[in-house]
Amino acid sequence: MGKDDLILSARPPFSLSSVVKSHGWASLAPFSTDSHTDGLTYIYRLDSGHVVEMLIQEASDGVSIEVDGQLNEVECEEVTRKVEYMLGLDQDFNDFYRLASGEPKLANVEERAQGRLLRCPTLFEDVVKTILTTNTMWAGTIRMVEKLVSQFGDPLSADPTRHAFPTAEQLAATDEDALRSTVRLGYRAPYVLELARDVASSTFDLESLKTVDIPTIQLRKRLLSIKGVGGYAAANLLMILGRYDFVPIDTWALKMVSHEWHGGGQVGQAEVEAAFERWGEWKGLAYWFWDWSYVGED
DNA sequence: GGTAGACCTGGACGC
DNA sequence: GCGTCCAGGTCTACC
């Protein structure tokens, strides 16, 4: 495989920019955005162990992928499969757009091709990152993920200062003290370690949850069985998995709903759920892309 | 089923 | 430079 020779098409409407801006994942290692090329880069560890940098850019009907170095046919197929999943190229939001067309607060979702949420190549990486978003500021999440990647991920051969996200096996081989003292995970360290060990030992087939054909409520229960994953984290992960039946309720959600419908007064989970109940299986997306009136001080 | 308190880190602030 | 307070979800124990 040479440069610029992978072109993937997406189900329209599609906007790479919308996927990149869909949530904060693009600013967490080993993702990065490139202002010069307006593209998304990701340092990816192939199944073979070979670490490459992928540059993903908008193309006419989808995206182009440029990979540093030569890939064989099997590796090209792997990169194609992963990028299709990460960007949700085949995801269909037409039912959501039809519902949203009557709601002024969601008036632009179709025009902006909003709906897809950027995903990591493995659910393991998405779960670890989600755990690292809980009970901390966003700057703390960025810092923890960066340290986790630089300490335990395999280096990019072209630039050994940059690394891929560590595999479950690599994290399973470390210990709680290292995760606490080096990565500063605090009380999250045993959660990440337990998950890594369960996945590495095949005690927990986490990746199968990407495609498992079970009701959302059951999928949520499986996610909640992971230590460190509570209601907010499970709803966030369900969104990543393309299930939008739950709203990820954090302090920001409470604040937004409070100002949108309750005059800034105190609200709880029940009020947030009630506010989006009418959106049914799309309530997570309706919440996510809602055009909030309150901009606040943060 | 609901609730209180502990868990950690880093930033802000006062002294 | 040091101490204190605070923000951020989840877990566990208890009622």
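Side chains included, hydrogens not; waters and symmetry mates left out as well; all remaining heavy atoms used. Below, read A as the first sequence line, B as the second, and so on, with proteins coming before strands; counting in each chain starts at 1.
For the pair A:Thr251 and C:dG9, the criterion of a side-chain N or O lying under 4.0 Å from OP1 or OP2 is met.
For A:Arg243, the salt bridge (charged side-chain N to carboxylate O under 4.0 Å, His left out) test picks out no residue, with sequence neighbours left out. Here A:Tyr42 pairs with A:Phe31 under the ring pair (Phe, Tyr, Trp, His ring centres under 6.0 Å) rule; sequence neighbours left out. Taking A:Tyr232 as the reference, nothing meets the ring pair (Phe, Tyr, Trp, His ring centres under 6.0 Å) condition, with sequence neighbours excluded. With sequence neighbours excluded, the residues that form a salt bridge (charged side-chain N to carboxylate O under 4.0 Å, His left out) with A:Lys210 are A:Glu207. For A:Trp282, the ring pair (Phe, Tyr, Trp, His ring centres under 6.0 Å) partners at least two apart in sequence or on another chain are A:Phe96, A:Tyr244. Partners of A:His163 according to the ring pair (Phe, Tyr, Trp, His ring centres under 6.0 Å) rule, which considers only residues two or more places apart in sequence or in another chain, do not exist here. A:Asp159 is linked by a salt bridge (charged side-chain N to carboxylate O under 4.0 Å, His left out) to nothing, counting only residues two or more places apart in sequence or in another chain.
As a whole-Å value, the separation of A:Trp252 CH2 from C:dG9 P is 12 Å. Across the protein-nucleic acid pair, A:Tyr191 atom OH and C:dT12 atom C1' stand 9 Å apart, rounded to whole Å. As rounded to whole Å, 12 Å separates atom P of C:dC11 from atom CG of A:Leu195. Rounding to whole angstrom units, CZ of residue A:Phe246 and P of C:dG9 are separated by 18 Å. Atom pair A:Asp177:CG and B:dC8:C1' shows a separation of 15 Å (rounding to whole Å applied). The separation between A:Lys227 atom NZ and C:dG9 atom C1' is 16 Å, rounded to whole Å. Rounding to whole angstrom units, CG of residue A:Leu254 and P of C:dG8 are separated by 10 Å. One can place CG of A:Asn236 at 16 Å from P of C:dG8, the figure rounded to the nearest angstrom.
A side-chain hydrogen bond (donor to acceptor under 3.5 Å, both in side chains) check over residues 139-155 of chain A, counting only residues at least two apart or in different chains, returns the pairs A:Arg45-A:Asp154, A:Asp154-A:Gln170. Within the structure, side-chain hydrogen bond (donor to acceptor under 3.5 Å, both in side chains) pairs that include any residue of residues 172-182 of chain A comprise A:Glu176-A:Arg180 (at least two apart or interchain).
Residues A:Val19 and A:Phe14 meet the side-chain proximity criterion, which asks for heavy atoms closer than 4.5 Å.
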Checklist line | Annotated protein contacts, base or backbone, on nucleotides 9-14 of chain B with a non-hydrogen cut-off under 4.0 Å, one of B, S, - each | finding: SSS---
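Between the A:Asn72 side chain and the A:Glu75 main chain, a donor and an acceptor come within less than 3.5 Å of each other.
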Might you list the N or O atoms of the protein lying below 3.5 Å from N or O atoms in nucleotides 3-6 of chain B, with each pair's distance?
none

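A:Ile249 comes within contact range of no nucleotide atom at all, as no heavy-atom separation falls under 4.0 Å.
At its two ends the helix from B:dG1-C:dC15 to B:dC15-C:dG1 runs along axes set 30° apart, each axis drawn from five pairs and the angle rounded to 10°.
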